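Since the structure comes first, as structure tokens, the remarks are kept for the end.
Everything numeric in this text was worked out from a predicted model, so none of it was measured.
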Amino acid sequence: MTQHRSIHWFRKGLRLHDNPAFIKACEQASEIYPIFILDPWFAKSANCRVGINRWRFLLQALRDLDNSLKTLNLRLFVVRGNPNTELENLCQRWKISRLTFEVDTEPYAVKRDEEVERQMGEMGIEVIKSLSHTLFEPQRVIKVNGGSAPLTYQRFQTIASKLGPPPKPLDAPTLESLLGCKTLISDNHEKEFGVPTLTELGKDPKSCGPLLYPGGEKEALERMERQLKKTNWICSFEKPQTSPNSLTPSTTVLSPYLKFGCLSSRLFYHQLADMYKGKKHSQPPVSLHGQLLWREFFYTVASVTPNFDKMEGNPVCRQIPWQSNPDHLEKWANGQTGFPFIDAIMRQLRQEGWIHHLARHAVACFLTRGDLWISWEEGMTVFEELLLDADWSLNAANWMWLSASAFFHQYFRVYSPIAFGKKTDPNGDYIRKYVPEVKKFPSKYIFEPWTAPLSMQQTAGCVLGKDYPKPLVDHSVASKANISKMAAAYNAAKKDKLNNASQNGMTAQNGKKRKQNKKDGLVQKKLKFT
DNA sequence: ATCGACGTTGTTTCC
DNA sequence: GGGAAACAACGTCGA
């Protein structure tokens with residue numbers, strides 16, 4: 001029997017349960033070296049898009065992983081440096097014969113991993129990859145859909161139902177199942193390979209927000225178990241019925257754990273399925289199963305769409321002439337727009353690293369097609385920095401959705417930064433918590449304090465334009481103007497299609513004939529030609 | 001081919 | 001206060 005020496009490379013998938021690649025690393029192995037590669041230079045660089053709360057979450061997840069590994073006589077190595085260089089060095093140093101990791105379908109990761117595989121091939125090292133981050137293999141979904149990604153949720157659901165239930169999650173390894181496979185560490189392990197502190201990464205721990213969602217697999221499983229105790233709540237869960245502005249989260253907040261892979265989506269899926277069994281329960285898209293399918297849908301599209309996180313060169317994204325406005329963008333990002341509901345959400349995001357999905361809708365619509373007419377790419381970048389659950393595919397997809405650039409097209413449905421929040425928090429308690437400047441206004445004015453008479457502003461200790469900003473725009477004026485701009489952008493896209501049609505392989509005569517036809521008919525014909 | 005139903009989560013007004 | 005219609009009207013899918 002071969003006695004392998006394995007490296008398991010953790011990236012996402014920061015867990016021991018349902019981790020097939022990790023299990024394979026331990027099979028027929030005498031030694032295993034679990035590693036996580038971190039580039040300290042990246043953490044300190046100016047273009048690093050990871051905020052401090054997100055760093056804290058990651059470091060906690062790594063510490064938790066190391067603790068769990070210790071109970072199995074194993075240890076985690078946090079390797080400082082660039083993946084290609086460090087992997088080569090460590091493989092030589094530890095005389096490695098096998099490298100395992102979880103498949104990551106994000107384009108940058110695919111490219112990185114191809115290079116690593118090539119490198120390992122040259123060194124004669126076996127590479128084993130397992131897919132365990134998503135319920136299904138994106139490529140399989142695409143194949144069943146006829147070679148392209150489904151572009152509507154319904155279509156995705158149809159395909160998913162053809163695939164049957166996702167694979168059952170694997171148990172975490174135990175001392176018994178490891179058969180003596182162990183990690184050998186040196187005396188200066190902590191110094192060379194210990195989990196770094198925030199300070200080591202050049203971050204000031206004092207600038208962290210309150211610790212509401214600690215990182216790690218242990219926290220993930222405990223949080224999931226707490227949610228699963230609420231049978232009725234789980235079975236009747238409907239996302240649109242939950243509140244974006246409750247003082248404690250109205251949803252599970254499992255997203256950060258799913259993003260880092262502290263929790264397996266398959267485990268959560270099957271736990272829900274077991275609970276649903278024999279009971280009346282809500283259905284996708286609004287159910288909890290539905291939420292996992294949304295994740296799956298966006299992962300699938302993102303895995304095959306070029307430039308998925310950009311407008312230009314992105315085939316699923318509508319081209320819209322957004323305008324740059326650094327001042328408005330900065331005020332939006334820092335909760336200084338003068339709309340207390342919007343500002344409360346953006347401040348909660350910055351402080352706590354998590355906001356409700358519908359709160360994301362409100363601020364995303366406001367930044368883009370609703371009020372400020374700023375590109376969704378700008379908003380996506382801010383979310384990427386601040387959200388604990390910032391997930392490349394989901395972040396880009398949802399920003400396209402909210403800006404009516406892809407997937408969602410009813411651009412005339414605009415969230416009101418005043419009215420929307422009143423439905424679930426008429427008293428404005430959420431605003432009072434996160435925007436204390438306006439907390440003394442009566443409920444009638446707290447969503448639009450600029451309408452309060454000056455005497456009331458003075459009584460409330462909050463004079464608009466002095467103690468709290470006046471609103472950046474007049475929402476009813478801006479949203480109406482923006483709806484027309486959206487209509488123009490949609491029309492321009494239609495015209496573009498027509499022009500392409502007459503350029504692509506049509507004779508002048510045909511072109512003339514077709515020009516006389518009705519616009520719609522022409523579009524239909526063009527689609528057949530190309 | 002054309003038309004109608006539908007789309008996870010809108011707002012305002014009117015009764 | 002709860003429900004329905006008006007608002008102005010998108011793309012996608014399937015019969």
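- Straight-line distance between the C1' atoms of C:dA15 and B:dA1: roughly 12 Å, to the nearest whole Å.
- Within the structure, the salt bridge (charged side-chain N to carboxylate O under 4.0 Å, His left out) test picks out the following pairs touching residues 410-427 of chain A (sequence neighbours left out): A:Lys422-A:Glu448.
- Sorted by residue number, the list of members of residues 369-377 of chain A with any non-hydrogen atom under 4.0 Å from DNA chain B is empty.
- Within residues 352-367 of chain A, the residues that have a heavy atom under 4.0 Å from DNA chain B are, in order of number, A:His357, A:Leu358, A:His361.
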*asked:* For a side-chain contact (heavy atoms from CB on, under 4.5 Å) check, start with the C-alpha distance between A:Glu219 and A:Tyr213, then their side-chain angles and the critical distance, and finish with the verdict.
replied: CA-CA 8 Å; A:Glu219 280 289 337; A:Tyr213 317 108; over 6 Å; no

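- The salt bridge (charged side-chain N to carboxylate O under 4.0 Å, His left out) contacts involving residues 312-334 of chain A comprise A:Asp327-A:Lys331, where partners must be two or more places apart or lie in separate chains.
- Of the residues in residues 234-257 of chain A, A:Lys239, A:Pro240 come within less than 4.0 Å of DNA chain B through at least one heavy atom, sorted by number.
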Do any N or O atoms of the protein come closer than 3.5 Å to N or O atoms of nucleotides 13-15 of chain B, and which pairs are they?
none

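- If you check residues 411-435 of chain A against DNA chain C, the residues with a heavy atom closer than 4.0 Å are A:Tyr411, A:Phe412, listed by number.
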_Watson-Crick or G-U pairs under 3.5 Å in DNA chain C, rendered as dot-bracket with [ ] for crossing pairs and | for another strand_ = .||||||..||||||

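- With sequence neighbours excluded, the residues forming a side chain to side chain contact (heavy atoms under 4.5 Å, CB included) with A:Ala302 are A:Phe308, A:Trp392, A:Ser393, listed by chain and number.
- Distance A:Trp401 CH2 to C:dG11 C1': 12 Å, rounded to the nearest Å.
- Comparing the same atom, C1', in C:dA5 and in C:dA9 gives a spacing of 15 Å after rounding to whole Å.
- Listed by chain and residue number, A:Arg350, A:Val382 satisfy the side chain to side chain contact (heavy atoms under 4.5 Å, CB included) test with A:Ala333 (two or more places apart in sequence, or in another chain).
- The stretch residues 291-313 of chain A touches DNA chain B through A:Gln291, A:Trp294, each having a heavy atom under 4.0 angstrom from the strand.
- Under the side chain to side chain contact (heavy atoms under 4.5 Å, CB included) criterion, A:Asn398 pairs with A:Phe298, A:His357, A:Leu394, not counting sequence neighbours.
- The CZ-P distance, from A:Phe408 to B:dT9, rounds to 7 Å in whole Å.
- Taking the six-membered ring for Trp and the full ring otherwise, the centers of A:Tyr299 and A:His133 sit less than 6.0 Å from each other.
- C:dG14 atom P lies 13 Å from atom CD of A:Gln157, rounded to whole Å.
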